[in-house]
Amino acid sequence: MKISEILSEGGKAFPSLEIVPPLKGMTKAELLDSIRPFMEFSPRYINVTRHRDEYEYREQPDGTYSRHLVRRRVSEVAVCGAIMSEFGIETVPHIICGGSDADEIESLLHDLRFMEISNVMALRGDSTVGEKRFTPVPGGYRYASELVEAIRRFGDMFSIGVGGYPEKHFEAPNMETDIANLKKKVDAGADYVITQMFFDNRVFYDFTEKCRAAGITVPIIPGLKPLSSVKQIGTLPEAFSLDIPMELVSAMREAGDDKEKAYRTGTEWCIMQCRDLLRHGVPAVHFYTMGRSRNIVEILRECF
Ligand code: FAD
């Protein structure tokens, strides 16, 4: 079933889960066991992120360097196949512009069609290490809107989700421009938006209001991630260009070296955010699980 169809049913809000493909070496059984706890909540689908290939330069005996492809994670397509056959639920592979040209993306879409996958998330991806700005490969797509257009050439074969940034994408000069660019993705054929994580619901409500004023009418699904360690107070704002409210920062710092207390504080904050979002009538709440299930399962039990 397409996510656009699930969203248009307009029933009770549901949890949406995102996982990261495992590093190579993890077995299929281990991967499935890590997802199994979520099945208690009958998720309608699971998103699987895509990670750009990396290259390593190895010195040769003659002093020259040769380039080697390093794929650290199992592919998202393999993970989607494993989940679909074990749990019989829909999967949403993420597709990124970075690292692939238009022909490679078209081949990937044919593979997804063959696997009867009818949902995708269309994203640009980030720049690689050492690259100042995102640069497409020759013949690749520069913006996610171009990728959406390419996927729409397959007609209604895929329901398409795109990313939105309640605190603005870090490259955009201002929120208005970023929302105008989000609208380009929707105008190109995206069916819904999933937001970057945020820790203050007011930024999501303001963002949604601005999107509606700009003529974006598709569903906007908030993305949440519970903090699980004090360290993340430093790492997440840097990695995702977001703010963490002072109240949450202070509560996490109070936990000090008590890892369990920090974990609980992050989980409780997320429960509070999720309940408030549900009261505000969001169609679904998207959870960035980052390979952890204990805190997410607890949040789902409390909220859904
Ligand atoms: P775009 O929509 O292309 O926007 C990128 C920047 O370009 C923005 O600043 C935008 O304002 C600007 N822009 C867009 N169109 C134009 C235009 N026509 N002219 C000028 N400027 C323009 N990354 C991964 O690598 N793998 C994943 O699986 C993944 N999953 C994600 C899931 C979600 C829900 C979200 C929110 C993000 C995810 N990301 C993932 C991160 C994402 O790839 C990065 O945030 C990336 O920097 C931007 O991607 P985008 O699709 O939003 O890009």
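Indexing begins at 1, ligand by ligand and atom by atom, following the structure's order.
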Open item on the list: Check Arg275 with Glu302, please: is the shortest side-chain N to carboxylate O separation under 4.0 Å?
Closed with: yes
TODO: Could you find the nearest protein heavy atom to atom 3 (O) of ligand 1 and give me its residue, atom name and distance?
DONE: Ala144 N, 2.8 Å
Task: Lys/Arg N to Asp/Glu carboxylate O, Arg44 vs Glu90, below 4.0 Å - done: no
Task: Evaluation steps, salt bridge (Lys or Arg N to Asp or Glu O under 4.0 Å), between Asp191 and Arg152 - done: CA-CA 11 Å; Asp191 295 305; Arg152 268 290 162 253; 3.0 Å; yes
Open item on the list: Test of understanding: given a 4.0 Å heavy-atom threshold, classify the contact between His286 and ligand 1 as side chain, backbone, both, or neither.
Closed with: neither
TODO: Report yes if some N/O of Gly125 lies less than 3.5 Å from some N/O of ligand 1; otherwise report no.
DONE: yes
Task: Thr49 and ligand 1 - part of the residue with a heavy-atom distance under 4.0 Å - done: both
Task: Parallel, tilted or perpendicular, as decided by the 30° and 60° cut-offs, for the rings of Phe204 and Phe198 - done: parallel
TODO: Return the orientation label for the Phe14 and Tyr45 ring planes: parallel under 30°, perpendicular over 60°, tilted otherwise.
DONE: perpendicular
TODO: Check whether any N or O atom of Thr177, backbone or side chain, sits under 3.5 Å from an N or O atom of ligand 1, and answer yes or no.
DONE: no
Task: Interfacing atoms of ligand 1 (cut-off 4.0 Å, heavy-atom, Ala172) - done: 9 (O), 11 (O)
Task: Taking atom 42 (C) of ligand 1 as the reference point, the nearest protein heavy atom with its distance - done: Tyr165 OH, 3.6 Å
Open item on the list: Starting from atom 53 (O) of ligand 1, what is the nearest protein heavy atom, named by residue and atom, and what distance separates them?
Closed with: Arg124 CB, 3.3 Å
Open item on the list: Return the closest protein heavy atom for atom 46 (C) of ligand 1 as residue, atom name and distance.
Closed with: Asp126 OD1, 3.2 Å
Open item on the list: Less than 4.0 angstrom from a charged side-chain N to a carboxylate O is my criterion; do Glu146 and Arg142 meet it?
Closed with: no
- [ ] Measure the distance from atom 18 (N) of ligand 1 to every protein heavy atom, then report the residue, atom name and distance (to 0.1 Å) of the closest one.
- [x] Lys184 NZ, 3.4 Å
TODO: Identify, for atom 12 (C) of ligand 1, the protein heavy atom at the shortest distance, and state residue, atom and that distance.
DONE: Asn181 ND2, 3.5 Å
Open item on the list: Would you say the rings of His68 and Tyr57 are close, in the sense that their centroids are separated by under 6.0 Å?
Closed with: no
Open item on the list: Checking the N or O distance criterion of under 3.5 Å, is ligand 1 in contact with Arg50?
Closed with: yes
TODO: Could you list which atoms of ligand 1 come closer than 4.0 Å to a heavy atom of Gln196?
DONE: 36 (C)
Task: Any side-chain heavy-atom pair of Asp200 and Asp243 under 4.5 Å - done: no
TODO: Could you tell me whether Arg133 and Glu171 have a side-chain N and a carboxylate O separated by less than 4.0 Å?
DONE: yes
Task: Proximal atoms of ligand 1 relative to Ile96 (non-hydrogen, under 4.0 Å) - done: 24 (C), 25 (O), 26 (N)
- [ ] Report, in ascending order of atom number, the atoms of ligand 1 lying under 4.0 Å from any heavy atom of Met121.
- [x] 34 (C)
Task: Under 3.5 Å: N/O of His94 near N/O of ligand 1 - done: yes
- [ ] Using the six-membered ring of Tyr143, assess whether NZ or CZ of Arg124 lies under 6.0 Å from its centre and within 45 degrees of the ring axis.
- [x] no
Open item on the list: Show me which atoms of ligand 1 lie under 4.0 Å from any heavy atom of Asp178.
Closed with: 8 (C), 9 (O), 10 (C), 11 (O)
Open item on the list: Checking His286 against Glu18: is there a side-chain donor and acceptor pair closer than 3.5 Å?
Closed with: yes
TODO: Please determine if Asp53 and Arg71 form a salt bridge, counting it only when a charged side-chain N lies under 4.0 Å from a carboxylate O.
DONE: yes
Open item on the list: Please check whether His169 reaches ligand 1 - meaning an N/O of the residue sits under 3.5 Å from an N/O of the ligand, judged on distance alone.
Closed with: yes
Open item on the list: Tell me the contacting part of His51 for ligand 1: side chain, backbone, both, or neither, using a 4.0 Å heavy-atom threshold, strictly below.
Closed with: neither
Task: Proximity to ligand 1 by part of Arg142, non-hydrogen separation under 4.0 Å - done: neither
TODO: Would you name the heavy atoms of Arg212 and Pro219 that are closest together and state the gap between them?
DONE: NH2-CA, 4.2 Å
Open item on the list: Give me the residue, atom name and distance of the protein heavy atom closest to atom 17 (C) of ligand 1.
Closed with: Tyr143 CE1, 3.5 Å
Open item on the list: Could you identify the single nearest non-hydrogen protein atom to atom 40 (C) of ligand 1 and state the distance to 0.1 Å?
Closed with: Leu123 CD1, 4.1 Å
TODO: Heavy-atom distances under 4.0 Å are what count here, so tell me which part of Phe240 touches ligand 1: side chain, backbone, both or neither.
DONE: neither
